[in-house]
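Here is how names work: the chains are called A, B, and so on, in the same order as the sequence lines, proteins then strands, and each is numbered from 1.
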Amino acid sequence: PPKTPASAPPPPVAKPAVFIPVNRTPEMQEERLKLPILAEEQAIMEAVAEHPIVIVCGETGSGKTTQVPQFLYEAGYSSEDSIIGVTEPRRVAAVAMSQRVAKEMNLSHRVVSYQIRYEGNVTEETRIKFMTDGVLLKEIQKDFLLLKYKVVIIDEAHERSVYTDILLGLLSRIVALRAKRHLPLKLLIMSATLRVEDFTQNQRLFTTPPPVIKVESRQFPVTVHFNKRTPLDDYSGECFRKVCKIHRMLPAGGILVFLTGQAEVHALCRRLRKAFPFRCSQPQEKEEDSAEGMRRFKKSRTRARKAQAMALPQINLDNYSVLPAGEGDEDREAEMDDEEEALGSDLDLDLGDSEANEGEQPDASLPLHVLPLYSLLAPEKQAQVFKPPPEGTRLCVVATNVAETSLTIPGIKYVVDCGKVKKRYYDRVTGVSSFRVTWVSQASADQRAGRAGRTEPGHCYRLYSSAVFGDFEQFPPPEITRRPVEDLILQMKALSIEKVINFPFPTPPSVEALVAAEELLVALGALQAPPKQERMKKLQMSQLSCPITALGRTMSTFPVAPRYAKMLALSQQHGCLPYTIAIVAAMTVRELFEELDRPAASEKELAELKGRRARVAQMKRTWAGQGPSLKLGDLMVLLGAVGACEYAGCSPQFCQANGLRYKAMLEIRRLRGQLTTAVNAVCPEAGLFLDPKMQPPTESQVTYLRQIMAAGLGDHLARRVQSEDLLDPKWKNAYKTPLLDDPVFIHPSSVLFKELPEFVVYQEIVETTKMYMKGVSTVEIQWIPSLLPSYCQFDAPLEEPAPSYCPESGQVLCHRASVFYRVGWPLPAVQVDFPEGIDRYKYFARFLLEGQVFRKLASFKSCLLSSPSTMLKTWARLQPRTETLLRALVAHKADSRDSLLAAWKKNPKYLLAEYCEWLPKAMHSDVEKNWPPTTDS
DNA sequence: TGGGGATTT
């Protein structure tokens, strides 16, 4: 571009010349005009034209997800060979948004398309592509510069999913690289909150902070009411009382309750149904009920108005503004809330605070349509919440966190927020996970409140005081700081990002997490081990920069956790692949079995549940089998379940009968398909296909599978405590692991619970009342040193059995005893490669002289001036030919057949003189003629 | 002898 004088105004920004017309329907046009973001179109497009990276902030309801891609399309940011990419953190959102935008633009899904893990409708004509963030990350592996995109939009960046974070780090570099190539890429980051400092104030991520454009949202106002006091632990009971009051006293409008888990949700549903029964089986009465319901609603509204009139503000004689902050402060805020309620809200929730049990009396005149909602709930039951409630009833959805971001329920006017959330925690050192209920963040609480204002002004009742709210974290910590990162690190290494610590993470994971990831990947053989002297402690010093290995590259193409990817990489033998694929798919999809442990509402339901539980337990035993097959443990159950379910055509009936989650089984089926394709891609000769009638593995295959599982789960090995440790009763039936001081146990749901094998590997440890291993499989002690050498510390090579030469590998072998790392479990001696060092050269020299390495040399053996075994004698130095030969081998690092062949390739005369020293002069010319002795005969 | 929320390649 031509240079402009410094004083002149900046040159006109190159804008796309084309404006692509869009043929929207008049109705659509009208709908669009209501969206506040339309007022910002110019500002956004100017910012995009002038800056490579732009941040757009707007809450839900601003229309940014649907409109910004359209702005870009109309401005010509897509063309024949380049498209607009939009990432979403969830599959449903990617699909739904593509459909929505296609409809708004009156374009076919061939033009506005989506791509998610298992499916997509992208075509040659695609101009706008919605996808999950993980899909775009995988695409970067194939095309680092993302050349087919002219714009990438990262939506919901505030949610800080791990893939979003990695994408932002990568895109900051890709944008720079594309600029250098004069193929500029625009990056738009869309966030629902103004929490963007992690993006704007992060010099390493974006050297110049990108501009932030704020967009108003079209939300209805939500009045927030805090509790005066915060219940100590019974927030479920508090929810119940609040819902009762809302239902009795406030006008029509759906209620959404936030709780923390399945059991709580079901318990509250039962209690509410009992309090406000709804007889749907009697349609005639239902009519009456509904009429009666309406009457009661009206009556309750009048009652509320009266209550409001009586609760006009009163001077509080205890309220002195000189009171120090603290208790008094909280009360003052609560009173302000009271005033607000009295003035602005038609409910005085303090009425009847003392009558805690008033709601327990069934009140059939006020039917409440109570529905549970959580992620693992069957989709058809989830769908109930989207339907309008039966006439004359009020909808009340009791939900977990799914309702905060993933699912939006229509018609909600009241939100009841317990303020808690259940989260998974990982111990950074041991990897043990646990689930804990904690306070939410202020951002989450606000997001929950916002759910009341989607269709009309609403109310949010927070069951905690404003002071407690003030102590909440402002935002939830990004996911990448809360979980192990070995999968992400492997992906990054596959992108040739070696010094992971220098990667511009928006928020970096802890150094411990990075080190743990790198250590695991090294142990799995996915990364090259750092030089020995730098091992372990200095790993951190070497800046976490282990490069990826060929195995690691293969593993990175398998879309599963690295431990499981290792299993797949190992399974191309003995026909194990189809089985490993099934097991890995089942381990990857969480919660195979339906939760049947809930208390029953009736005798009939209790009997049914009992029956189903017994049936599932029986099936688990059947799938695990007896004898050798049982030793594969819970992983055999997974294999049996997948095999049996697929054999039955994966029907909902089969799943229902056997306590399997239909949705989980479908996901496993699709994942098996994807893994089969992935394995065929790196190993076409496998000729793998999905066999719906897969036969059970043979006895020997089960044994191989156990070894494959152990090789992938090597860092998850546990050993039954020895009898001498049993003095302390807390160690009864317990296992010891290398990283934990405390006992761990086989989970009671495991088929190996009563077997108590000496060595097991486990899928994970979850801490509840105890530390429990889940997904357990047995291991034979003699497998450990050969399958998991990186976790064993080996003793010196044994003299008996003596070291030997392996004609297949061309390596020196020996037997070595070992102990397992950190716990020092003694392991039996097994045959392994002779360790590097001078002794390996000595043995190799001996086998070379004996003619074991190259048969041509065998003919000279009888003429040797010293016995080959001299190489190993302590007095070998007394014979100079041993030293000469040894030095020559060491000089060229020739301690195996292959390394010797390599040396001869460079210099065919190599080792000739040194070898001749071992033979009488008369034979030297004969040797010379046959040198190097690499051909047989 | 048992307690698990929400995502994704």
Side-chain angles (χ1 to χ4, degrees), chain A residues 87-94 115-118 120 131-142 156 159-167 258-267 373-377 399-407 420-425 433-438 440 444 447 476 478-480 482-483 487-488 490-491 494 555-562 564-565 585 588-599 613 617 661 667 670-671 674-675 677-678 732-733 745-750 752-754 756 764 766-774:
Chain A
T87 72
E88 296 290 333
R90 281 169 292 281
R91 291 181 201 160
V92 272
Q115 179 68 52
I116 59 174
R117 182 164 190 162
Y118 303 112
M131 66 201 122
T132 37
D133 43 19
V135 165
L136 187 61
L137 188 55
K138 274 280 168 195
E139 282 187 18
I140 293 180
Q141 234 169 63
K142 294 191 202 96
E156 313 282 16
E159 285 189 23
R160 306 295 304 273
S161 91
V162 285
Y163 297 113
T164 294
D165 272 19
I166 302 279
L167 276 177
F258 283 100
L259 280 175
T260 71
Q262 275 186 52
E264 274 172 20
V265 164
H266 281 296
L373 182 67
Y374 47 85
S375 167
L376 291 176
L377 191 68
T400 62
N401 233 15
V402 258
E404 190 182 302
T405 47
S406 305
L407 297 170
K420 304 274 183 159
V421 68
K422 191 182 287 180
K423 271 189 181 171
R424 187 171 193 157
Y425 286 77
S433 58
S434 56
F435 290 84
R436 285 182 229 160
V437 173
T438 59
V440 295
S444 288
Q447 172 79 7
E479 192 195 355
I480 201 168
R482 301 189 23 95
R483 75 164 183 73
D487 53 341
L488 307 175
L490 182 59
Q491 294 304 312
M555 284 166 59
S556 76
T557 68
F558 300 146
V560 287
Y564 303 158
T588 301
V589 175
R590 72 227 162 93
E591 300 298 323
L592 218 63
F593 292 95
E594 229 178 297
E595 172 69 62
L596 296 172
D597 274 347
R598 57 170 181 272
R613 279 198 287 261
R661 268 180 58 235
E667 179 84 12
R670 300 204 285 179
L671 183 50
Q674 196 191 22
L675 293 177
T677 311
K732 190 172 177 250
N733 297 334
F745 300 86
I746 295 180
H747 193 274
S749 67
S750 168
L752 295 173
F753 178 62
K754 285 182 179 150
L756 299 171
E764 58 173 358
V766 181
E767 184 174 13
T768 52
T769 52
K770 282 177 177 174
M771 285 198 265
Y772 284 112
M773 297 181 279
K774 301 181 126 184

Upstream residue (5' side of DNA chain B) when A/Ser556 and A/Asn401 are each assigned their closest nucleotide: A/Asn401
Would you mind classifying the nucleic acid contact of A/Glu591 as base, sugar-phosphate or nothing, using non-hydrogen atoms under 4.0 angstrom? base
Touch check for A/Arg590, heavy atoms < 4.0 angstrom, all strands: base, sugar-phosphate only, or nothing? base
Tell me every residue that passes salt bridge (charged side-chain N to carboxylate O under 4.0 Å, His left out) with A/Glu159, counting only those two or more places apart in sequence or in another chain. A/Arg90
Toward the 5' end of DNA chain B, which comes first, A/Asp487 or A/Leu373, by nearest nucleotide? A/Leu373
Of all heavy-atom pairs between A/Ser556 and A/Gln141, which one has the smallest distance, and what is that distance? O-OE1, 3.8 Å
For A/Tyr772, check ring-ring contact (aromatic ring centres under 6.0 Å, His included) against everything at least two apart and list the hits. A/His747
Please identify which of these residues, A/Thr164, A/Asp165, A/Val162, meets the side chain to side chain contact (heavy atoms under 4.5 Å, CB included) condition with A/Glu479. A/Val162
Residues passing the side chain to side chain contact (heavy atoms under 4.5 Å, CB included) test with A/Leu596, sequence neighbours excluded, are A/Glu594, A/Leu609, A/Arg612, A/Arg613, A/Val616
Those residues at least two apart in sequence (or on a different chain) that pass side chain to side chain donor-acceptor pair (under 3.5 Å) with A/Glu264 are A/Tyr235, A/Thr260
Just checking A/Val766: base, sugar-phosphate only, or nothing, at a heavy-atom cut-off of under 4.0 Å? base
Determine the contact category for A/Glu595: base if any of its heavy atoms lies under 4.0 Å from a base atom, sugar-phosphate if only primed atoms, P, OP1 or OP2 are that close, otherwise nothing. nothing
Classify the nucleic acid contact of A/Phe558 as base, sugar-phosphate or nothing, counting any heavy atom under 4.0 Å across all strands shown. nothing
Contact class for A/Thr132 vs. all strands (heavy atom < 4.0 Å): base, sugar-phosphate, or nothing? sugar-phosphate
How would you label the contact of A/Lys754 with the nucleic acid (heavy atoms, under 4.0 Å): base, sugar-phosphate, or nothing? nothing
How would you label the contact of A/Tyr772 with the nucleic acid (heavy atoms, under 4.0 Å): base, sugar-phosphate, or nothing? sugar-phosphate
Just call it for A/Thr769: base, sugar-phosphate, or nothing, with non-hydrogen atoms closer than 4.0 Å on any strand. sugar-phosphate
With sequence neighbours left out, what residues match A/Phe435 under side chain to side chain contact (heavy atoms under 4.5 Å, CB included)? A/Lys422, A/Arg424, A/Val766
Mind checking A/Glu764 for me? I need base, sugar-phosphate or nothing, with any heavy atom below 4.0 Å counting as a touch. base
So the contacted stretch of DNA chain B, first to last nucleotide with an atom under 4.0 Å from a non-hydrogen atom of chain A, runs from B/dT1 to B/dT9
Under 4.0 Å, heavy atoms only, any strand: does A/Arg90 hit a base, just the sugar-phosphate, or nothing? sugar-phosphate
